[in-house]
Amino acid sequence: MVGIIMGSTSDMPVMQSAIDVLKQLGIETEVDIVSAHRTPDKLFDYGKNAHERGIQVIIAGAGGAAHLPGMIASLSPLPVIGVPVKSRNSIDGWDSVLSILQMPGGVPVATVALDGAQNAGILAAQILGASDKAVRDRILAFKEGLKEKVIAGAASLKK
């Protein structure tokens, strides 16, 4: 199972693409709002206990100062994938990107592109697929579908 958390409901339009791709790949998700700044007790509980609830990978999306992914990574033994979100109070998204990307040694956060929740979902699936053949086979089929979509698009250009 993949835990998907975000700092506020305003992040949901971006984070929905992670939920969608994981659903497409047949992977269960748990979705919640966990604000690093407004609900620190919830953040600590989530970070320390997610693995005990069956979560295997955490995707954390945040905008602005974007402390959520790093704080979760500091508390959890699970892999954390950070999604920088270009929020209304963001500095063109760069504040979010750098806050998630520039983690200190010992606290890794895999970081995807600005608003790149779909890739976060795919990466979470690939992490699970490293030890689960059924998930790996669905990822292979997904990637084959991507290839076929490009081939079909190229063919339609030639018509």
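Just so you know, these numbers use all the heavy atoms, side chains as well, and skip hydrogens, waters and symmetry mates. This is a predicted model, so every value here is computed, not measured.
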Provide the closest heavy-atom pair for [X] versus [Y] in the form atom of the first, atom of the second, distance.
X	Y	answer
Ser8	Ser10	OG-OG, 2.7 Å
Gly7	Ser35	O-CB, 3.6 Å
Asp132	Ala134	OD1-N, 3.0 Å
Gly64	Ser99	O-OG, 4.2 Å
Val57	Ala124	CG1-CB, 3.8 Å
Ser17	Val14	OG-O, 3.1 Å

| request: Taking the side chain as every heavy atom from C-beta outward, state whether Val31 and Met15 have any pair of such atoms under 4.5 Å apart. | output: no
| task | Would you check if Ile4 and Leu22 make a side-chain contact, meaning some heavy-atom pair closer than 4.5 Å? | result | yes
| message | Suppose the criterion is salt bridge (charged side-chain N to carboxylate O under 4.0 Å, His left out): which pairs have a residue in residues 86-99, not counting sequence neighbours? | response | none
| request: Report whether Leu114 and Ile59 are members of the same hydrophobic cluster (ILVMFWY, side-chain heavy atoms less than 4.5 Å apart, transitive linking). | output: no
| query | Is Leu146 reachable from Leu25 through a run of I, L, V, M, F, W or Y residues, each pair having side-chain heavy atoms under 4.5 Å apart? | reply | yes
Please list, chain by chain and in numerical order, all residues satisfying side chain to side chain donor-acceptor pair (under 3.5 Å) with [X], sequence neighbours excluded.
X	value
Gln102	none
Lys158	none
Gln16	Asp20
Glu30	Arg53

| message | Go through it in stages, so that I can follow the logic: the residues are Val85 and Met6, the test is side chain to side chain contact (heavy atoms under 4.5 Å, CB included), and I'd like the CA-CA distance, side-chain angles, deciding distance and then a yes or no. | response | CA-CA 9 Å; Val85 175; Met6 61 205 86; over 6 Å; no
| Roughly how far apart are Leu101 CG and Ser96 OG, rounded to 0.5 Å? | 12.0 Å
| task | Could you pull out all residues at least two apart from Gln126 that satisfy side-chain contact (heavy atoms from CB on, under 4.5 Å)? | result | Ile122, Leu123, Ile139, Lys143
| task | For Lys133, check side-chain contact (heavy atoms from CB on, under 4.5 Å) against everything at least two apart and list the hits. | result | Arg136, Asp137
| field | side-chain hydrogen bond (donor to acceptor under 3.5 Å, both in side chains) contacts touching residues 67-79 (sequence neighbours left out) | value | His37-His67
| What residue pairs, at least two apart or across chains, pass side-chain hydrogen bond (donor to acceptor under 3.5 Å, both in side chains) with a residue in residues 105-120? | none
| request: Check which hydrophobic residues are tied to Ile72 through side-chain heavy-atom contacts below 4.5 Å, counting indirect links as well, and list them. | output: Met1, Ile5, Val34, Leu43, Phe44, Tyr46, Ile55, Ile58, Leu68, Met71, Leu75, Leu78, Val80, Ile100, Met103, Val107, Val109
| query | Linking Ile, Leu, Val, Met, Phe, Trp and Tyr through side-chain heavy atoms less than 4.5 Å apart, which residues share a cluster with Leu140? | reply | none
| field | Set of ring-ring contact (aromatic ring centres under 6.0 Å, His included) partners for His51, sequence neighbours left out | value | none
| task | Show your reasoning for whether side chain to side chain contact (heavy atoms under 4.5 Å, CB included) applies to Ile81 and Ile127. | result | CA-CA 11 Å; Ile81 303 167; Ile127 291 168; 4.1 Å; yes
| side chain to side chain contact (heavy atoms under 4.5 Å, CB included) assessment of Asp11 paired with Val83 | CA-CA 10 Å; Asp11 299 329; Val83 179; over 6 Å; no
